[in-house]
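Structure record follows, encoded as structure tokens.
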Amino acid sequence: MSESSHLEVAAYALGVLDDGDVEAFERHLDACERCRQELKTMSELPGLLDGVKSSSERAN
Amino acid sequence: MWPVRRQLDSRFERLDPETGPDWDDRLIRELYNEFGGPLLRQVRQTTGNDLQWAEDVVQETLLRAWRNAAKLTWERGLLWAWLLTVSRRIVIDGRRRRGVRPREVEPPEADSIAVPDDADKTLAAIVVADALRGLSADHREVIEQTYLRDRTVNEAAAILGIPPGTVKSRLYYALRSLRGVLKERGVAS
Ligand SMILES: [Zn+2]
């Protein structure tokens, strides 16, 4: 598997990977322990970013 | 490699498909019991406290989990991470379908939020905003143009005039450094 497949884990964790890429990445995830670990460590970041988002929305 | 898978299977194994026609109902109930509450709390933040919408998103997310039975064999932490990504895609799709931009949120009802929790959240938001400002301009930009604006990688790539692969790799390094900073400051685990 190519190095660039691993890098998609961040876009996937944020939920911003395009539909066409999601399925392929999930197949990669099934086979890649490194990405499974990385997904877990990245999975709390979107929730933290939500805090920034809603506070800036309130300020607008 | 799969001892965890075996262990996790046991969580759902009493839901043996052979045991009856109401297997599906029980599986869905089990998913709600296990993940419904925490997922709703997360999704409410993403939907800007729109409770009705958040409940719909949770329901759709758990339905997708039910349809993807293979995911249920993943260990809990990974399954949780998967549920979160699914719920975010649903929210982002929903916003785009309705053509709504992230909008002003209703302030949460005063009695629904404990004050210390709210204060913690505000503090965390300040730390996160500060950490974002500390990222390189390229890294900050891809986070802003994707997640913070409900855009997919391809949409952000078109706006920024860079290849989608570049957006993906910048997002990767951006999240890694963001997480490093937040961990240092005690906001991320
Ligand atoms: Zn990988």
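By convention in this document, chain letters (A, B, ...) are assigned in the order of the sequence lines, proteins followed by strands, and residues within each chain are numbered from 1.
For chain B, the nearby part of A:Leu45 is the side chain; its heavy atoms alone come within less than 4.5 Å. Interface residue B:Leu132: only side-chain heavy atoms are found under 4.5 Å from chain A. Both the backbone and the side chain of B:Leu175 come within contact range of chain A, judged by heavy atoms closer than 4.5 Å. Contact of B:Ile126 with chain A is not made at all, since no heavy-atom distance falls under 4.5 Å. For B:Leu171, the parts sitting under 4.5 Å from any heavy atom of chain A are the backbone and the side chain alike.
Among the candidates B:Leu78, B:Leu84, B:Thr146, the residue making the largest number of heavy-atom pairs closer than 4.5 Å to chain A is B:Leu78. In terms of non-hydrogen atom pairs under 4.5 Å with chain A, the most contact-rich of B:Val142, B:Asn154, B:Val127 is B:Asn154. Heavy-atom pairs under 4.5 Å with chain B were tallied for A:Asp18, A:Val22, A:Asp21; the largest tally goes to A:Asp18. Chain A forms more heavy-atom pairs under 4.5 Å with one residue of B:Trp80, B:Tyr147, B:Trp82 than with any other, namely B:Tyr147.
Residues B:Glu30 and B:Trp66 fail the side-chain proximity criterion, which asks for heavy atoms closer than 4.5 Å. Residues A:Tyr12 and A:Glu26 have side chains in contact (heavy-atom distance under 4.5 Å, counting atoms from C-beta outward). A:Leu29 has its side chain within reach of A:Arg36: a pair of non-hydrogen atoms, C-beta onward, lies under 4.5 Å apart. The shortest side-chain heavy-atom distance between B:Leu40 and B:Tyr32 does not fall under the 4.5 Å cut-off. The shortest distance between side-chain heavy atoms of B:Leu39 and B:Leu62 falls below 4.5 Å.
In this structure, a donor-acceptor pair under 3.5 Å is present between the side chains of A:Gln37 and A:Glu33.
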Give every donor-acceptor pair under 3.5 Å between a side-chain atom in residues 180-189 of chain B and any protein atom, sequence neighbours left out.
residue, atom, partner, partner atom, Å
B:Arg185, NH1, B:Asp130, OD2, 2.8
B:Ser189, OG, A:Glu44, OE2, 2.9

